[in-house]
Amino acid sequence: MTEFVPMAGFEQQLRLALATPEPRPNFERALRARLSERAAELTPSHRPFRLRLAWGILIGVFLLLTLTVLVIGPQRVAAEVRKLLGYIPGFGIVEQNASLRVLAEPVSQTRDGITVTVEQVFLTSERATVKYSVVGVPWSAFPHNENVSGCTEGAQLQLPDGTRLTLTGGGGTLMELTFDYPPVPAGIDQAIFILPCLQGTLPGLAPENWELSLHFVPAPANLTIMPAIDIMPLPEPQASQPVVASNPLVLLKVVDTGDNYVLLGEFRRADAGDPSVPDGFWWSLTEPVHITDAAGQEVFYTIPDDPSLQLPPSGPGAEPWAYQIGKTFAPPLTITYAGQYTVPADPNATAEFEFDAGADPQPGQEWVLNRDVELAGHTITLVSIQVVSQSGQSGYQFTLETTDPAVRDVGVDISGYLAQGGGGNAGLRPGKWEKSLAYADLPTGKLTVVLSNLTLYGKFRTWQLQWSPETAQPGSPSLYGIRLTIDRYIPLEDGYYLVGHTNWTDKRIAGASLSGGVLKAYDSGGQELTLEPADWDKVGLTPEPGQWLYRLYGKSFNGPLTLRATQMNVEFAQPVGMTLDLRSYGFDGLDAQLGLTWKTGLIPLDVPGLPANAFKVTYVKSGELRGFEIGLSADPALQGLPLTIVSGLDTAGMNAVNSASSSSLDETAGQLVSTVLTDARITFPLVLSASSATVGGTWEVTWNLPAAEPGANP
Amino acid sequence: MTESTAPLSPGIEDEPKLISAAQRDPAEFTALYDRYFRPVYRYLYSRVGSVPEAEDLTAQTFLAALEALPRYRHRGRFAAWLFTIARNKIRDHYRHSSPSASLDENRADQAEDPLTQVTRSDQLEQLLELVRGLNEGEQELIRLRCVAGLSFAEIGASLGRKEEAVKKAYYRLVARLQRQLEVDHD
């Protein structure tokens, strides 16, 4: 197919054609002034009092596992835990006693510098799932013409008797894919993974017809299976009880991955009705889904990276959803779906009129009608009809208009002719839209156009769902179980030395220390006192691991005092890693690419307790060092994640290698940037790791004013 | 699906800082206003074709953005968020009033000063007519790209579509317009 290249300057012509008048300078100035006035009203001293997160948590109570269903209107609370399940990352949810087989060990094959690895296989009596990765595909093997697609053929599993299992589902990226198959019968412990071609590549530009031999064994006893709780509603109310509307927003399962919760549910359209809305309605979201905590603060959520966490729909019209959240929130959570109804007008109402298309209508031929049509009490204008031709089919496009703001869409047909397809763009711009009908043979001559199935904009409606985890604790949920403790105090003439330490309970952490002297002191009235990091040598003490030393100035204040830290440096017991491979993006390491940014898709980082994903990479330079700024989207509690290069550098001929790394956070924007730089030549895959992080939170300890001898313990 | 993309629009590297500053102190919002005022105004004008309506909708859009900014979480798509607000204001506008013309149909109230009216050559008028003949979805794509100047990623985020799909749709559309223009000249 001939590739079309827009004529140079054509887009500029398009912009000129669409040029609009410049805005009036007076208007621009006036609006700026108005915004400044409004901004002054919105500054913190003017904002109405709002319960802060810390107070909200302190006010919180110990909660049992509950499911609270909240609707705008009648309320219904329903909760019952039915059964315990297990979640296997990359595979999905299984019952606790399910028979499970896995791949004995990963299998790799390398051809022409490209490595295919079957990483994981899970077999149950219901399905088989194969996860594999591909590394080393050159950029040149992929198409760069939008009209050309590469390999889309899926892999098969061949059993020893020659039977081939074909795909039933799957997904992933070009480099990591997961495929589902029908179950492998019990007693069969090997199969051949047959990959005809590498996803997305062009024929002949990458090795094809891969075959990898797989061997299956019973799942080991130490296989990671995370608890998943099945949440079911109470039985339906009896007939004598008032009928209560069901909430279409349903929570079905909760998976505890250790670091996060994954909430799994569905939106059941059949339950999205309203007594004031007629049958035949359609409800749709009008804004993104919100998840908020007890204090009304937005809770950061992601869509789980594991496609196996997507539940199948429970029935017609049920739309599954899955949201992954961290564990540092003040329960209960509220999930909010906000949207609007579209409702049918009189379903029996129709309107017809005739128009003559002639004996031989041609593509592009148009009839301007501007004909008003009355339908179910509403007026619609049929502006024009045009013959259209696309992809070998012909049809008619109808341009419609209305000044009635309630009208959303109308069905269009040509009497006596069966359309093979069609389309429309109703709802994109109220008041004007197009409908199209496609035919195998274009209707000609005198035609009767029928308008029917008028739909109208309905009311806005919001559904909400609340959930609390079983083990919610009163007080601030402490990340990693970090606690501050005051060990001793030393009275001074004009204050005190305070010696304390930081401890933690989470085994995934090897150390926790105050970050950058951010410990602050407040008296009982909330007044901040002067508190500074002190010099151990001056005091004549030797610090123990995790200990800190601060000097408190003054002695005349109202106790007890509260010492508060809002940031900690934590050392991970195991480093957090990620792998970067920009070969398929055409990265060549030359200076011409400095400043370029690539969107990588979400690369999850396994930061304990805090969801984090890398999503973009920018090639940067600092002095003689070159490297990458990696943009991270993460839980707001993660405020720094310095990454270092573990492998992937070509240091041949170098006596020494200079490297640098840093991490900075735009706190309210919720974006982390981690920068890695080196003067060695970068090769791929580039393996990075972080052994520490800066985390935000609130950690407090109370100190009662002393009445004892110097050097006493508090 | 992993994808590569063109470099981010120049000059927006400091955007996270501007947003952060405005979230801390609403008075700093004017920096974002200065950056996006013209693109938003032009886009809204291309939708309503009337100076008073475009001004009113522009004001509504920025006031709404200022109010909602504390809840905004920056993931590199501020323009998409802002234009989503603008599109919602358009929708509300049409729901409560008669729809106005779009794409620069001449109206008496377009401009007080004739010199501010845009003049076009015959070819550009022809191109404009071709654009007016597109369906609404196609016109919206052209508006967001050529009038508002959004990147494909921002357009995708605003329309709820994947960036690659938006890019393909746009270039196919441009190709079609160019061919139609060439055919008309033949």
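Here is the naming used below: chain letters follow the sequence lines, and residue numbers restart at 1 for every chain. The shown structure was predicted, so the numbers you read here are calculated from the model rather than taken from an experiment.
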Say you draw a straight line from CD of Q60(B) to CG of L31(A); how long is it, rounded to the nearest 0.5 Å? 11.0 Å

Which of the residues Q386(A), E28(A), Q12(A), R15(A) is involved in the greatest number of heavy-atom pairs with chain B at under 4.5 angstrom? E28(A)

Side chain / backbone / both / neither for T58(B) at chain A, heavy atoms under 4.5 Å: both

Chain B shares the most heavy-atom pairs under 4.5 Å, among Q397(A), R32(A), E434(A), with R32(A)

Check the side chains of R24(B) and S20(B) for a donor-acceptor pair under 3.5 angstrom, ignoring hydrogens and angles. yes

Which atoms of L44(B) are under 4.5 Å from chain A, going by heavy atoms: the side chain, the backbone, both sets, or neither? neither

Before giving the answer on side-chain contact (heavy atoms from CB on, under 4.5 Å), spell out for D409(A) and K435(A) the whole-Å C-alpha distance, their side-chain angles and the decisive distance to 0.1 Å. CA-CA 9 Å; D409(A) 196 9; K435(A) 305 280 292 189; 3.1 Å; yes

Is it the backbone or the side chain of Y33(B) that comes under 4.5 Å from a heavy atom of chain A, or both, or neither? side chain

Does the separation of the ring centres of Y36(B) and Y43(B) fall below 6.0 angstrom? no

Would you find a donor on one side and an acceptor on the other, under 3.5 Å apart, between the side chain of E154(B) and the backbone of S151(B)? yes

